[in-house]
A.B. asks: 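Shown below is the structure under consideration.
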Amino acid sequence: MKILIINGPNLNLLGRREPEIYGNQGFEAFFDTLKKTFPAHNLEYFQSNHEGAIIDKLHEAGFSADGIVLNAGAYTHTSAAIADAVKAIDAPVVEVHISNVFAREAFRHHSFLSPVCAGIVCGFGLQSYRLAVESLLHK
Ligand code: DQA
C-alpha cells in the first residue's frame, strides 16, 4: 500500500520544539524506523508550514495513495480549507496528534478535520503515527 504522512506547521521542529510535550526525536529519524516497521509498504513523508501547500499535497496524493496520515498541527483547529480538501479526495485520511489534545487548552479540543477523517489517533507520542498507519492497513 502507498501511504503518505503529512505534517503541518511547526512539526519540522520536532525534537527541538517543546520537548516536554512533543519528545526529543526529530521526525526524519523516527520516519526511518517507521519505514523499517512496514517494509512491505510504500511510506512517504511531506511537511509544510503553509496551509495551501498542504492542500496541494492532499490533492496530488489523494487520488492515488491508499491512505494518508495527517497531522495538520494548529491548522487542525482553524482550517475549513484543509477539511474541504480531505472531503474532496478519495484516499482515507487519519487525523493524528502527538499530544493528547483533549488534555490541553480548550482551543485544541475542536478539530475541523475529525468529522471528515476516517479516524483519529492522538496522545501516543510519535507512536500515534505508527498506530495510524496500522489502522489504514486494516481498513
Ligand atoms: C499537534 C497538536 C496541535 O494542537 C498543535 O498545534 C501542534 C501539534 C500534536 O501533534 O499534538 O502543532 O497536532
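Counting starts at 1 for both ligands and their atoms, following the listed order. For the single chain, residues carry numbers from 1 onward in sequence order.
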A.B. asks: Checking a contact table here: which protein heavy atom is nearest atom 1 (C) of ligand 1, and how many Å away?
C.D. replies: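 So the nearest neighbour among protein heavy atoms is His97 ND1, 3.7 Å.
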A.B. asks: Do the side chain of Asp66 and the main chain of Ile3 share a donor and acceptor less than 3.5 angstrom apart?
C.D. replies: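 Side chain of Asp66 to backbone of Ile3: no pair is present.
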A.B. asks: Flag the pair Tyr129 / Phe27 as yes when their ring centroid distance falls below 6.0 Å, and as no otherwise.
C.D. replies: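 Yes, the ring of Tyr129 comes within the 6.0 Å limit of the ring of Phe27, centre to centre.
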A.B. asks: When you measure from the side chain of His41 to the backbone of Met1, do you find a donor-acceptor pair of N or O atoms at a distance under 3.5 Å?
C.D. replies: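 Yes; at least one donor-acceptor contact below 3.5 Å.
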A.B. asks: With side-chain contact (heavy atoms from CB on, under 4.5 Å) as the criterion, how do Ile54 and Glu51 come out once you've worked through the C-alpha distance, each side chain's angles and the decisive distance to 0.1 Å?
C.D. replies: CA-CA 5 Å; Ile54 293 167; Glu51 188 174 22; 5.7 Å; no
A.B. asks: Quick one: which of His109, His77, Arg104 has a heavy atom closest to atom 4 (O) of ligand 1?
C.D. replies: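 Minimum heavy-atom distance to atom 4 (O) of ligand 1 goes to His77.
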A.B. asks: Which of parallel (below 30°), tilted (30 to 60°) and perpendicular (above 60°) describes His77 and His97?
C.D. replies: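 Judged by the thresholds at 30° and 60°, the geometry between His77 and His97 is parallel.
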A.B. asks: With a cut-off of 4.0 Å, which atoms of ligand 1 are near a heavy atom of Val101?
C.D. replies: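 Every atom of ligand 1 under 4.0 Å from some heavy atom of Val101: 2 (C), 4 (O).
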A.B. asks: Residue-level breakdown please: for Arg17 versus ligand 1, do any non-hydrogen atoms fall below 4.0 Å on the side chain, on the backbone, on both, or on neither?
C.D. replies: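 The answer is the side chain.
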A.B. asks: Identify the closest protein heavy atom to atom 11 (O) of ligand 1: which residue and atom is it, and at what distance?
C.D. replies: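 Minimum-distance protein heavy atom for atom 11 (O) of ligand 1 reads Ser99 OG, 2.6 Å.
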A.B. asks: Report yes if Val96 has an N/O atom closer than 3.5 Å to an N/O atom of ligand 1; otherwise report no.
C.D. replies: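 Checking ligand 1 against Val96, no N or O pair falls under 3.5 Å apart.
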A.B. asks: Should the proximity of Asn71 to ligand 1, defined as any heavy atom under 4.0 Å, be assigned to the side chain, the backbone, both, or neither?
C.D. replies: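 Within the 4.0 Å criterion, Asn71 contacts ligand 1 through side-chain atoms alone.
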A.B. asks: Of the non-hydrogen atoms in Ile89 and His59, which two are nearest, and what is the gap between them?
C.D. replies: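 Distance-wise, the nearest heavy atoms are CG2-CA, 4.3 Å.
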A.B. asks: Judged on heavy-atom distance to atom 10 (O) of ligand 1, which of Leu14, Ile21, Ile98 sits nearest?
C.D. replies: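 Selected option, by shortest heavy-atom distance: Ile98.
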A.B. asks: Determine yes or no for a side-chain-to-main-chain donor-acceptor pair under 3.5 angstrom, with Glu95 supplying the side chain and Val121 the backbone.
C.D. replies: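 Not confirmed, Glu95 side chain does not pair with Val121 backbone.
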A.B. asks: So which protein heavy atom does atom 5 (C) of ligand 1 come closest to, and at what separation?
C.D. replies: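 Checked against all protein heavy atoms, atom 5 (C) of ligand 1 sits closest to Arg108 NH1, 3.2 Å.
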A.B. asks: Out of all atoms in ligand 1, which are within 4.0 Å of some heavy atom of Tyr22? Include the element for each.
C.D. replies: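 In order of number, 5 (C), 7 (C), 8 (C), 9 (C), 11 (O).
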